[in-house]
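Following: one structure in structure tokens, then a few remarks.
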There are 2 protein chains.
Amino acid sequence: MASDARRAGRRSGNPEPYTLASLVEVAARAFNERGYDATSMEDLSRAAGITKSSFYHHVAGKEALLRAALDRALDGLFGILGEPGAVDGEPLERLRHIVRRQVEVLATELPYVTLLLRLRGNTETERWALARRREFDQAVAGLVAAAVDAGAVRPDVHPVVAARLLSGTVNSLIEWYRPGRVPLADLVDAVDRQVFEGLRR
Amino acid sequence: MASDARRAGRRSGNPEPYTLASLVEVAARAFNERGYDATSMEDLSRAAGITKSSFYHHVAGKEALLRAALDRALDGLFGILGEPGAVDGEPLERLRHIVRRQVEVLATELPYVTLLLRLRGNTETERWALARRREFDQAVAGLVAAAVDAGAVRPDVHPVVAARLLSGTVNSLIEWYRPGRVPLADLVDAVDRQVFEGLRR
DNA sequence: GTCTATACCCGGATAGAC
DNA sequence: GTCTATCCGGGTATAGAC
């Protein structure tokens with residue numbers, strides 16, 4: 001019945017059935033399915049099991065949902081840059097650490113990172129998130145350049161182009177990876193090897 | 001003045017200032033900048049230099065513009081599969097031919113392919129284009145599997161995952177490649193080497 | 001906290017004069 | 001072919017009863 005779905009949050013014993021975080025999760029998934037602009041607040045409220053007006057009682061608006069989701073994605077990514085494996089050691093090994101961890105964060109925070117990677121920059125919120133994303137990419141690009149300088153990569157690579165292709169390869173996971181199909185550890189290894197060793201035997 | 005911009009098409013000596021193709025090009029660029037849903041017919045008509053109603057005199061509607069743009073992208077991609085280099089020879093070399101040509105088509109048909117790669121499948125037109133795109137990807141995946149069987153690639157690659165990563169790497173070009181910055185021939189070589197030889201020296 | 005009802009705006013698309 | 005004016009549906013968001 002409708003009231004069953006409507007109260008599922010309460011039934012499951014959650015004392016706060018409609019937390020911001022849970023609504024953000026619902027919203028992020030919907031945004032990814034249909035696109036941010038094509039998703040209406042009506043869609044979101046129905047997915048949450050309440051009416052549009054009730055939904056507005058819990059969230060400030062559509063853009064606030066987007067912002068919260070993007071925050072979560074960026075926190076995940078920037079967290080990687082502070083890890084010991086990303087800070088200490090040879091440039092190539094630091095780069096490998098970041099790539100491998102980035103695959104894991106993409107997989108575990110999939111809906112949020114997907115949203116981040118599809119932004120067009122139409123609003124101030126989107127432009128802010130895009131700027132932070134560029135910061136992350138530039139950190140990676142810096143490491144690629146350092147690895148080139150250290151002689152750890154093929155001498156003919158163009159650092160800027162290589163960094164873009166590297167990021168593109170990793171980020172393309174959002175287009176097809178779904179939890180549970182390919183074991184995450186296998187995926188991490190597959191990306192690592194494909195990026196650093198290439199396909200050819 | 002407004003009338004100057006408005007009649008730029010005529011002034012430039014074009015006898016048919018508003019062909020479908022030229023309006024599709026304008027539309028594709030706008031769709032890519034702001035996203036399809038966020039782009040209004042008002043935006044498009046203004047970009048073309050005429051009013052919304054005049055714009056409707058030339059095109060059937062927003063979705064028709066999208067469809068024409070997607071057609072162009074798909075024609076470019078499927079054209080590759082029929083080329084001799086994609087049909088004859090060892091699997092790995094056929095795959096390399098496709099990858100290199102795919103980079104070229106992405107670059108030359110950039111606005112149209114970009115649109116194709118960002119579809120969400122909200123309308124029948126979008127789902128049709130996505131289905132055709134999957135056909136293309138499956139052709140590539142088949143070649144990856146054949147190259148594995150032929151022993152031309154590292155024996156530990158998972159063909160399906162490798163094909164996805166391969167497509168992801170190539171397709172990620174739309175996110176940053178802009179004509180004239182990096183010479184196209186260099187880009188083709190860079191993608192070829194990164195995909196098949198990897199980054200490590 | 002949730003609902004019904006509604007204000008308000010904007011987008012796609014059309015009518016009809018020039 | 002282009003314009004002004006308009007229709008109509010659907011979107012975000014709010015008011016106010018329960």
Side-chain angles (χ1 to χ4, degrees), chain A residues 1-12 14-24 26-27 30-31 33-69 120 122-126, chain B residues 1-12 14-24 26-27 30-31 33-69 120 122-126:
Chain A
M1 291 214 59
S3 86
D4 278 7
R6 198 168 293 174
R7 293 169 186 281
R10 271 204 193 90
R11 290 278 181 89
S12 63
N14 189 338
E16 281 280 353
Y18 299 120
T19 66
L20 183 60
S22 75
L23 293 178
V24 167
V26 167
F31 289 157
E33 266 178 41
R34 286 177 282 256
Y36 176 72
D37 288 291
T39 305
S40 70
M41 291 297 270
E42 177 76 37
D43 293 332
L44 297 180
S45 62
R46 211 179 315 114
I50 51 181
T51 63
K52 201 165 47 156
S53 328
S54 303
F55 195 78
Y56 270 104
H57 181 77
H58 297 281
V59 299
K62 197 174 170 180
E63 197 166 353
L65 287 167
L66 178 63
R67 165 125 200 173
R120 301 309 313 146
N122 290 330
T123 66
E124 203 46 56
T125 297
E126 297 185 33
Chain B
M1 291 219 59
S3 85
D4 279 6
R6 198 167 292 174
R7 292 168 187 280
R10 272 204 192 89
R11 289 277 181 91
S12 64
N14 189 338
E16 281 280 354
Y18 299 119
T19 65
L20 182 60
S22 74
L23 292 178
V24 167
V26 167
F31 289 158
E33 268 178 41
R34 286 177 282 256
Y36 176 72
D37 288 292
T39 305
S40 71
M41 290 299 268
E42 178 77 35
D43 293 333
L44 296 180
S45 61
R46 211 178 316 115
I50 51 181
T51 62
K52 198 165 54 153
S53 331
S54 302
F55 195 77
Y56 270 103
H57 181 77
H58 298 280
V59 299
K62 197 175 172 181
E63 197 166 355
L65 287 167
L66 178 63
R67 167 127 199 170
R120 302 308 316 144
N122 290 330
T123 66
E124 204 45 60
T125 297
E126 296 185 35

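Excluded from the calculations below are hydrogen atoms, water molecules and symmetry mates; all remaining heavy atoms, backbone and side chain alike, are included. Chain identifiers are assigned alphabetically (A, B, ...) following the order of the sequence lines, protein sequences preceding nucleic acid strands; residue numbering begins at 1 within each chain.
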message = With side-chain contact (heavy atoms from CB on, under 4.5 Å) as the criterion, how do B:D37 and A:R34 come out once you've worked through the C-alpha distance, each side chain's angles and the decisive distance to 0.1 Å?
response = CA-CA 10 Å; B:D37 288 292; A:R34 286 177 282 256; over 6 Å; no
Atom pairs, protein N/O to nucleotides 11-14 of chain C N/O, distance under 3.5 Å:
unit_1: C:dG12; atom_1: OP1; unit_2: B:T39; atom_2: O; d: 3.3
unit_1: C:dG12; atom_1: OP1; unit_2: B:M41; atom_2: N; d: 3.3
unit_1: C:dG12; atom_1: OP1; unit_2: B:K62; atom_2: NZ; d: 2.9
unit_1: C:dG12; atom_1: OP2; unit_2: B:M41; atom_2: N; d: 2.4
unit_1: C:dG12; atom_1: N7; unit_2: B:K52; atom_2: NZ; d: 3.0
unit_1: C:dA13; atom_1: OP2; unit_2: B:Y56; atom_2: OH; d: 2.8
unit_1: C:dA13; atom_1: OP2; unit_2: B:K62; atom_2: N; d: 3.2
unit_1: C:dA13; atom_1: O5'; unit_2: B:Y56; atom_2: OH; d: 3.3
unit_1: C:dA13; atom_1: N6; unit_2: B:K52; atom_2: NZ; d: 3.1
unit_1: C:dT14; atom_1: O4; unit_2: B:S53; atom_2: OG; d: 3.3

query = Going from NE2 on A:H57 to OH on A:Y18, what distance comes out if it is rounded to the nearest 0.5 angstrom?
reply =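 A:H57 atom NE2 to A:Y18 atom OH measures 11.5 Å (nearest 0.5 Å).
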From B:L23 atom CG to B:I50 atom CD1, the distance as rounded to the nearest 0.5 Å =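 These two atoms lie 6.5 Å from each other.
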query = Below 4.5 Å, heavy atoms only, C-beta onward: do A:Y36 and A:T123 meet side chain to side chain?
reply =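 They are not in side-chain contact.
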inquiry  = Determine whether a donor-acceptor pair (N or O, by modelled atom type, separation under 3.5 Å) exists between the side chain of B:K52 and the backbone of B:S40.
reply    =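 Not confirmed, B:K52 side chain does not pair with B:S40 backbone.
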message = Looking at A:S54, I'd like to know whether one of its side-chain N or O atoms comes within less than 4.0 Å of OP1 or OP2 on C:dC3.
response =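 Result: yes.
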query = Would you say C:dC3 has OP1 or OP2 under 4.0 Å from some side-chain N or O of A:H57?
reply =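 No, outside the criterion.
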Atom of A:V26, atom of A:A47 and distance for their closest heavy-atom approach =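 Taking every non-hydrogen atom into account, CG1-CB, 3.6 Å.
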key: Whole angstrom value for the distance that separates P of D:dG11 from CG of B:N122   =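 Whole-Å distance recorded here is 12 Å.
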query = How long is the line joining CG of B:L20 and P of D:dG1, in whole Å?
reply =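 Computing the B:L20:CG to D:dG1:P distance gives 13 Å.
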